[in-house]
Each structure stands twice: as C-alpha cells, then as structure tokens.
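By convention in this document, chain letters (A, B, ...) are assigned in the order of the sequence lines, proteins followed by strands, and residues within each chain are numbered from 1. Below, all heavy atoms of this structure are taken into account, side chains as well, without hydrogens, waters or symmetry copies. A quick note: this is a predicted structure, and the numbers were derived from the prediction, not measured.
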Amino acid sequence: MNGIQVDINHLKKGEVSLGTSIMAVTFRDGVILGADSRTTTGAYIANRVTDKLTRVHEKVWCCRSGSAADTQAVADIVQHYLELYTAQFGEPSTKTAASIFKTLCYENKDNLTAGIIVAGYDEKNKGEVYSIPLGGSVHKQKYAIAGSGSTFIYGYCDKNYKENMSKDETVSFMKNSLSQAIKWDGSSGGVIRMVVLTKDGAERLIFYPEDYENL
Amino acid sequence: MAGLSFDNYQRNQFLAERSKTVPQATSTGTTIVGVKYDGGVLIAADTRSTQGPIVANKNCAKLHRISPKIWCAGAGTAADTEEVTKLIGSNLELHSMYASREPRVVSALQMLKQHLFKYQGHIGAYLIVAGADPTGTHLFSIHAHGSTDVGFYQSLGSGSLAAMAVLEANWRPDLKKEEAMQLASDAIEAGIWNDLGSGSNVDLCIMETGKDAEYLRNYRTPNVREAKQRSYKFPRGTTAVLSERVLDICQVEEETVDIELEA
Amino acid sequence: MATTVASEYSNEVKNTPIEHQFNPYSDNGGTILGIAGEDFAVLAGDTRHTTDYSINSRYEPKVFDCGDNILISANGFAADGNALVKRFQNSLKWYHFDHNDKKLSMRSAARNIQHLLYGKRFFPYYVHTIIAGLDEEGKGAVYSFDPVGSYEREQCRAGGAAASLIMPFLDNQVNFKNQYEPDSHGTKRKHVKFLTVEEVVQLVRDAFSSATERHIHVGDGVEILIVTKEGVRKEFFELKRD
C-alpha cells in the first residue's frame, strides 16, 4: 500500500453510511450540536430518524459522519475511556475527549471512515468544538461543519456565524444552515436533531421537515 | 487460537481468482421485521432459504433465541446468523449468571455489534434484535459491519423494502398486540409475494414484560402446495436390484451379569 | 500451526481499478417445456417475468401460436426472445406472400429459425428456443435450439431457468428412463408408449408446480398451448405466487 495516497474514502461493500450534514456551534452559554437524521445503504434510506448526536459524557457529545459502524465503535470506546477517566480524575474536559477521539482515528486511519465533530461544555473552558476529519487531525474551531451536505453551506455559515450569539439565535442559524445542506444534499434528510450543552446540562431539540423546509 | 480460523482465507482468494465458480453460502434473500406496540415487541420472518436461484429449504427457522426473552431474526449468511446468535447467547447466559440478573437486550446488542465490528463485515449477519428485560421492551437492528439502529419498527433482508412499505404505511404508536401481529405478518407477506428471495410461511415471536416469549412457528401458511395431478408411485421392482450383499457392521452379544451388592 | 495474520485483509483489491462496461443482456427467468405426442404436441411456459429478485409481471405470456399449427417460445433474455419470435412471425408472413399461402412445415420452420439465430452468431439472441407442432405425417413434433442455432428434433425438451430441474423428470416420465419391468431384475426396460393429451397436460402441470417449489424465477401461472389437427388450444393454470 502506498503510504501517502491511502484510499480512506472507500466504504466496504454493502456498508451502512452516514452521508451526512452535521455541525456544532459555540455560543454565549455553551455549545450546540446539530445533525440531519438520514442513514443510507446505497440508494436505500436504512433509517430516516437516525440519532447522529452521540453522548460520550454528560456534557461532551459528538456528531458522527462516515461509516455508521466505524463511528459507533469509536464513540463507544471513547465513552468507555471517559467513564474510566471520570472515576480516576473527575469530569473530563472537552479537549481530553477530543484527544481520545483523535488517537483512535489517527492510529487506525487505514481502517476507519470516520469524520467526527466533538463538542462539549466544561466549567473552565465553556463551550468548545473540535473537528476531527478523516486523517485523524484535530482542529479547534468556533464552529465546525462536516459531512457530505456541509459542502453546500460553507459560504452561508461563513457569512452568518457570529460570536457570542444567544441560544435562540444559534438554533436559528443552525436550523437555516442544516436546512440548506439537507435541501441540496441527497444523502442528507429527515429531521434536524440538536443537542444544547450548557452549564445546566444537555437539552435535546428536534425539528420536523415542516419546521425547517420553508424558512 | 481463540476466535474464528482464517487459515483458508488466502487459499480461497487464490482459488477464486482461478475458477469462475466459488462455493456460495446459503441464503442472502430474506424478509425479517420487528414491530414495537403498546405493551411489547414482536419479530417475524419468512421461511425460505436459497442457494442462488434454487430454494434450499422451504420451511427454515430464521427466528433465533438469544435468551428466553430476547429473540433475534437473522438475514444474510444463514450460518453466520445462526452461529453469532448462539455464541452471544451463551456468553450472555454466563454474564447473567455472573451478575445474578436477567439478561438485557442492550447487552446482547453491544456484544453482537462488537463481535461483528471485530470481523469487519466478513461475518455476514444482519439481525433484528428484540426482547423484554427489567428495563422494558426493546427493538434494534444490526448490520454486518457492526452498526446498530433503534426504532419502533425495523425490516431487513432482500424483502426489507417491500416490508418497510407496509410498515411505513400502517404502523401506529398505539397498536394493540393483535394489530401488531397482523401488521408484522402483512409486512412479511409483502416480502413473500414481491421478493423472490423470500417465500413460504411466516414465523412470529412475541415478547412482553413479565410474560414468557411466545414463539409462533408457522403463524401463517399462505403457501401450502396443492395436490399433484398424478401419482408417481412406482411398482416395486421398477428399480432393479442387481446384486445384494448384507454386511454385519457390528456384533451384538447379550450377557447377563449378577452384581453382588456389598453391605 | 499455520495461521493467517489478520492484518492482511486491509490490502485487498482496494488499489485495483474498477472496470465499467455496458452489459447488453439480462436474464428474465421463466421456464418452458415442449412435449410431442402421437398426434399432438404441447408447448408450455410459466407466465412470470423477473429481473434479479423482482417480479416485473405475473402474467407475461411467452408461448405463441404463429399460425400454420406452429407454436414457438424463446426463453431467457425476454427482449431477445420477443425479437426472435417477431422475426420468425414476419418470416412466416413473407413465406405466405412469396409462396401463395403455402403452409410452412415444422421441418422448414426449424431450418428457418436456425438461420435467424446463426445470423447473430457473434452477438447472439440470449435464448433457449423451442417450437412445437405437427410434422408432414401429422405426428407431434418438438424442435429445440441453442442460442446460436444448433437444433434437434426431440420427443420432449425443457428450457430456461428450471430446465435442469424438469428435464430428468421428463426423461423418467415420458421416455421411461431408468424404469424397468418389475420382476425382470433390470433386464427389460419399461416399454415406451405414446401418452394421451390428458396425461401430458397432467405431467406438464406437475412439472411446473414442482419447478415453482424449488426455483425462485418460476411461478405465478402456466400457460399450455396444445396443437392437434383440429388446431391450437390454450389452457391456463395458476401457480404459487411466492
């Protein structure tokens, strides 16, 4: 195998994929994760109400894109490590969680198709977003978008993101962004799921097509 | 060495390159469904197993027991669904004895997905796992690569599209047991009629909290063969006996022994 | 103990380029069966039309009465089958035009079909063809063809998806193969006799219902066309739809 040009984009035959639109955005009180809910096998929608927002700790969550099997396995392992970490050292920081994700994704890059956004809230650093794309690098960002649908909203997000937005502003921004991503990307669809992470914990939101399609 | 043996993997790859016919595993076509309803969950399956275009078994059982109240419907490679279900079934029983607790569906799910993920899709098991445990009733599906889905209704196999059409059209959150049985059977029948990989009968298994699982083998039999037009009984002697030889393959001796019991 | 190292999987095929090519053929399943009697012949076919695991139609007849007491069916790739039948029917029409409505004999029909098939020797009609009718003496006749035109007159022949399932049954029940007179200890074969139309229809129905049981591309219905000196008669029977 050629060490540099590794085909990491390929999915194994018949593998379930999350051709996805996902994002996470920091705001005044913390961070919000958002995702569509479509899972596909080829042209077939294997699940139209998928939950791609996965808990790895009380206030550290992640958005999964790529292979469903790979990202679920990675998230399960991270959740396990964070449980052990908590028992020894107490609440982990978002950065710690992102670092574990990174190690798994980087060390196993040859065998994984996983694009993950880690987002969390901790008292010291407040809301944080770490993006971990295919190769296993880590990028700390104010907000992150990923998945096949994200290509359509780079411009929109760049123009409309503002620092220190309120919760309602952020939800509205994400709803608009994901609405466009879903509209233009055939591999994304279903409902928009969000998880709001603040000092008060995690709050789930759901938006149905009639709520976001004609904004 | 623990785990499955892959000793023949490279040999088979080599053989596959050389010849155009490779041994094929039984059954890729199937329809299986799972339905959650008011007080429980049930799973159903068709009973056809195929080898290419040939029907290998007209009434095979695709519903497997993982534990008394956790059952699983299997699509994909018949041998894999059977074996993986047995393996996780026994590990789950050991686990439940160790923990002195009733086995949970999420445990079965986690063990199955980790096992399948380890084998990177080479174990071709596509499963719908359902059951009742102290936590409630649950329904999941697992793909061969190790990904899992949660839902109120699931369908898998080559007939899954036909079955899902029925489920999407008729499923409601407030279904009663009998309605759910009807819906699941109708979904399987959609597969039986419209998918060539599925056929024959409908098997059903119902799981409710605090009750024993009800396994209804051949709950529906919409494909009983009608009587043949002719009788194909041959007169004795039609097949000639050319020679006859009887071999004693074991000697049987009878002997009575008196045993004296000591006081 | 020789054990394969697990890591060797990741290097599979991945780097080999994938070649895409248009495939002009597909398989539409179904099966056909022709039997010749003393003064009649039958040609039967199931009516299921499939691709892969899908049913396109539960009633798509593929046995045709061409006139002149000639039945034809070309089973395999349905588009080619239809094209061949159309071409033969056209050829028959021109034969009538050119020869003052002279009746086409089975012998000539067979030879004509050979030429239609061999004409596409290097891009063949992907079909197994059977024709049935009465010969010049009024005896039942069945001719069967391979995709490129090699043909033979036979007593009976099954073609298509379940041919390999039905043919041995026919050998045994029509030509009494492997059947011996009881008490002859395998010295005297059961003597062959012509079957009646009723017996043949029964055999055909059992052959198709049995093929339906074990072959996924066969089912829905069987249409039997029967030629006698009185003309062509059609019979239809339901088959299992699973």
Original post:
Is it true that the side chains of B:Thr31 and B:Asp46 contain a donor and an acceptor less than 3.5 Å apart?
Top reply: no
Original post:
Going by atom types only, do B:Arg225 and C:Ser209 share a side-chain donor-acceptor pair under 3.5 Å?
Top reply: yes
With a 4.5 angstrom heavy-atom cut-off, is it the side chain or the backbone of [X] that approaches chain B, or both, or neither?
| X | value |
| --- | --- |
| C:Ser54 | backbone |
| C:Phe169 | side chain |
| C:Glu199 | both |
| C:Gln202 | both |
| C:Ser184 | neither |
| C:Leu203 | both |
| C:Asn172 | side chain |

Subject >> Evaluation steps, side chain to side chain donor-acceptor pair (under 3.5 Å), between B:Asn218 and B:Thr221 >> reply: CA-CA 6 Å; B:Asn218 289 1; B:Thr221 52; over 6 Å; no
Identify which part of [X] has an atom lying under 4.5 Å from any heavy atom of chain C, answering side chain, backbone, both or neither.
| X | result |
| --- | --- |
| B:Asn201 | neither |
| B:Ser200 | both |
| B:Arg236 | backbone |
| B:Ile54 | both |

First locate atom [atom1] of [X], then atom [atom2] of [Y], and finally report the distance between them rounded to the nearest 0.5 Å.
| X | Y | atom1 | atom2 | answer |
| --- | --- | --- | --- | --- |
| B:Ile32 | B:Leu127 | CD1 | CG | 7.0 Å |
| C:Lys177 | C:Arg189 | NZ | CZ | 6.5 Å |
| C:Leu225 | C:Glu235 | CG | CD | 10.0 Å |
| C:Leu134 | C:Thr228 | CG | OG1 | 7.0 Å |

Original post:
Does C:Lys188 come within less than 4.0 Å of C:Asp183, counting only side-chain N to carboxylate O?
Top reply: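 A salt bridge is absent here (no side-chain N lies under 4.0 Å from a carboxylate O).
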Original post:
With chain C, which of B:Ile192, B:Asn223, B:Asn194 has the greatest number of heavy-atom pairs at distances under 4.5 Å?
Top reply: B:Asn223
**OP:** Step through the shown structure and confirm whether more than 12 heavy atoms of other residues, nucleotides or ligands are within 6.0 Å of CD on B:Glu226.
**Re:**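 At most 12 heavy atoms, drawn from other residues, nucleotides or ligands, come within 6.0 Å of this atom.
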**OP:** Under 4.5 Å, counting heavy-atom pairs only, tell me which of C:Lys240, C:Gln179, C:His185, C:Glu213 racks up the most with chain B.
**Re:** C:Glu213
**OP:** Return the option, out of C:His217, C:Lys190, C:Gln173, C:Arg48, with the maximum number of heavy-atom pairs under 4.5 Å with chain B.
**Re:**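 The residue among C:His217, C:Lys190, C:Gln173, C:Arg48 with the greatest pair count is C:Gln173.
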